[in-house]
Amino acid sequence: PGIDPHSYQPVPADVKRLAEAKLVIINGLGFEGWFEGLAKEAGFSGTVVIATTGITPLRMQAEHDHDHDHEHDSKPSADTSSDHGQVDDPHAFNSILNGVRYAENIRDALIAADGAGADLYRTSARSYIAELRKADASAKQQFATLPKNQRKLITNHDALYYFAKEYGFEILAPNTALEDSQPSAKELAELVDFIKQQGVKGVFLEFGKNDKIVNQIAKEAGVNIGAELYLDGVGPAGSSSATYLGMFQTNVARILAGLR
């Protein structure tokens with residue numbers, strides 16, 4: 001909880017736990033870049049389950065192209081026929097309906113590993129999936145009260161494309177999801193102009209990320225920064241956002257508050 005999975009640094013205890021594990025579940029789509037090295041170090045010989053199996057990934061820019069058209073990049077595609085310089089977007093979990101597929105994959109993996117517990121896994125999954133579907137329906141009902149021309153978000157991390165596709169938002173972000181780029185002055189100016197021209201109300205920071213770029217954009221555009229969003233992982237232990245459902249519901253509430 002409260003840790004960025006992209007940049008997580010495994011500790012010795014992780015090696016021990018992995019060495020003893022029979023089953024490991026990862027997000028996949030390149031999200032856990034450190035896992036392969038950790039598994040090798042631990043001599044892991046169990047089963048790896050990729051929770052995103054069956055989800056059609058969206059594609060996104062692998063590196064920031066300073067000559068690209070911002071408006072075009074705000075609409076990633078599932079079409080991989082002409083995706084030079086693109087990678088799979090790993091943030092599928094930000095659509096709660098994709099979370100249903102995660103739950104189904106995890107359920108099936110547990111049943112395969114421990115047939116004796118099959119009934120328990122099926123019952124638990126059924127109950128949890130019902131909660132996920134309820135959260136999705138609630139989000140759609142709440143977002144329906146927001147005019148479509150207000151469903152524009154500026155974030156400091158390109159992690160909301162699955163969310164945007166599911167709930168009818170347009171997302172513009174000054175950095176790619178790989179977070180290793182610096183937008184040019186031209187791109188920052190384009191974002192500021194976009195905010196002013198389109199009347200964008202929501203400029204959001206991601207929890208735990210560098211706020212320099214977003215603060216600069218908000219200042220130049222004359223808008224406020226909304227409450228922090230959880231785009232890569234759950235919030236701090238003990239907080240209302242420390243679970244997957246809580247993370248999603250917190251983001252929904254904060255986005256609504258920031259755009260009204």
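Counting only heavy atoms from C-beta outward, the side chains of Pro57 and Tyr162 approach each other to under 4.5 Å. Taking the side chain as every heavy atom from C-beta outward, Lys148 and Arg151 approach each other to under 4.5 Å. Proximity of Ser241 to Tyr230: side-chain heavy atoms (C-beta onward) are separated by under 4.5 Å at one or more points. Inter-residue side-chain proximity for Asn94 and Met247 is flagged as met; some heavy-atom pair is nearer than 4.5 Å. Contact of the Ile25 side chain with the Ile50 side chain is not registered, since no non-hydrogen atoms from C-beta on lie closer than 4.5 Å. Taking 4.5 Å as the limit, every side-chain heavy atom of Asn224 sits out of range of all side-chain heavy atoms of Val203. Within the 4.5 Å cutoff, no side-chain heavy atoms of Tyr128 are placed close to those of Ile106. Looking only at side-chain heavy atoms (C-beta outward), Phe35 and Leu18 come within less than 4.5 Å of each other.
Residue pairs meeting the side chain to side chain donor-acceptor pair (under 3.5 Å) criterion with at least one partner in residues 109-122, sequence neighbours excluded, are Asp114-Tyr121. Sorted by first and then second residue, the pairs that involve residues 23-44 and meet side chain to side chain donor-acceptor pair (under 3.5 Å), not counting sequence neighbours, are Asn27-Tyr102.
Note that CD of Glu187 and CD1 of Ile213 are 10.5 Å apart. Values are rounded to the nearest 0.5 Å. Rounding to the nearest 0.5 Å places OG1 of Thr52 at 9.0 Å from CG of Asn98. The distance from the CD1 atom of Ile154 to the CD1 atom of Ile171 is 8.5 Å, given to the nearest 0.5 Å. The CD1 atom of Ile96 lies 13.0 Å from the NZ atom of Lys134; values are rounded to the nearest 0.5 Å. Annotation: the span from Leu259 atom CG to Arg254 atom CZ amounts to 14.0 Å, rounded to 0.5 Å. One finds the CG atom of Leu97 at 11.0 Å from the CD1 atom of Ile129 (value rounded to the nearest 0.5 Å).
Side-chain N or O atoms of Ser127 include none that pairs as donor or acceptor with a backbone N or O of Ser124 at under 3.5 Å. No donor-acceptor distance shorter than 3.5 angstrom exists from the side chain of Gln197 to the backbone of Phe194, with no hydrogens or angles considered.
The residues Asp88 and Arg59 are annotated as salt-bridged, a charged nitrogen and a carboxylate oxygen being separated by less than 4.0 angstrom. In this structure, Arg107 does not pair ionically with Glu104, as no charged nitrogen and carboxylate oxygen lie closer than 4.0 Å. Between Arg133 and Asp136, none of the side-chain N atoms (NZ, or NE/NH1/NH2) sits under 4.0 Å from a carboxylate O, so this pair counts as no salt bridge.
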Start with the C-alpha gap between Leu188 and Ile217, add the side-chain angles, then the distance that decides, and say whether side chain to side chain contact (heavy atoms under 4.5 Å, CB included) holds.
CA-CA 7 Å; Leu188 287 178; Ile217 291 170; 3.9 Å; yes
Quick one: do Phe248 and Tyr244 satisfy ring pair (Phe, Tyr, Trp, His ring centres under 6.0 Å)? Show the steps, please.
CA-CA 6 Å; Phe248 176 79; Tyr244 175 55; 7.3 Å; no
From CA spacing to verdict: side chain to side chain contact (heavy atoms under 4.5 Å, CB included), Leu229, Glu206:
CA-CA 5 Å; Leu229 302 180; Glu206 183 186 3; 5.5 Å; no
Do Leu245 and Glu131 pass the side chain to side chain contact (heavy atoms under 4.5 Å, CB included) test, and can you show the C-alpha distance, the side-chain angles, and the key distance before you say yes or no?
CA-CA 8 Å; Leu245 263 171; Glu131 290 187 64; 3.3 Å; yes
Decide side chain to side chain contact (heavy atoms under 4.5 Å, CB included) for Thr47 and Lys22; before the verdict, give the C-alpha distance in whole Å, the side-chain angles of both, and the deciding distance to 0.1 Å.
CA-CA 6 Å; Thr47 301; Lys22 296 179 181 179; over 6 Å; no
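More than 12 heavy atoms of other residues, nucleotides or ligands lie within 6.0 Å of NZ in Lys140, so this atom counts as buried by the packing criterion. Taking a 6.0 Å sphere around CD of Glu20, one finds it holds more than 12 heavy atoms contributed by other residues, nucleotides or ligands. Other residues, nucleotides and ligands contribute only 12 or fewer heavy atoms inside 6.0 Å of the CZ atom of Arg17.
If you look at Tyr161 and Phe169, their ring centroids are not closer than 6.0 Å.
In plain terms, the two heavy atoms of Thr250 and Ser240 that are nearest each other are OG1-OG, 3.9 Å. Taking all atoms of both residues into account, the shortest heavy-atom contact from Ala51 to Asn105 is O-ND2, 2.8 Å. Across all non-hydrogen atoms, the minimal contact from Ala237 to Ala242 is CA-CB, 4.2 Å. The nearest pair of heavy atoms linking Pro147 to Thr145 is CD-O, 3.6 Å. Of all non-hydrogen atoms in Phe207 and Glu228, the two that sit nearest each other are CD1-OE1, 3.5 Å. Closest heavy-atom contact between Pro90 and Gly28: CB-O, 4.1 Å.
Transitive grouping of hydrophobic side chains (ILVMFWY, heavy atoms separated by less than 4.5 Å) keeps Leu120 and Ile111 in distinct clusters. Placement of Val49 and Leu38 in two distinct hydrophobic clusters is found when ILVMFWY residues are connected by side-chain heavy-atom separations under 4.5 Å, directly or transitively. Side-chain heavy atoms closer than 4.5 Å link hydrophobic residues (I, L, V, M, F, W, Y) into clusters, and following such links, possibly through other members, connects Phe143 to Phe204.
Side-chain contact, Tyr8 with Asp14: a donor N or O sits under 3.5 Å from an acceptor N or O.
Note on ring orientation: taking the six-membered ring where Trp is involved, the planes of Phe93 and His91 are perpendicular (angle over 60°, cut-offs 30° and 60°).
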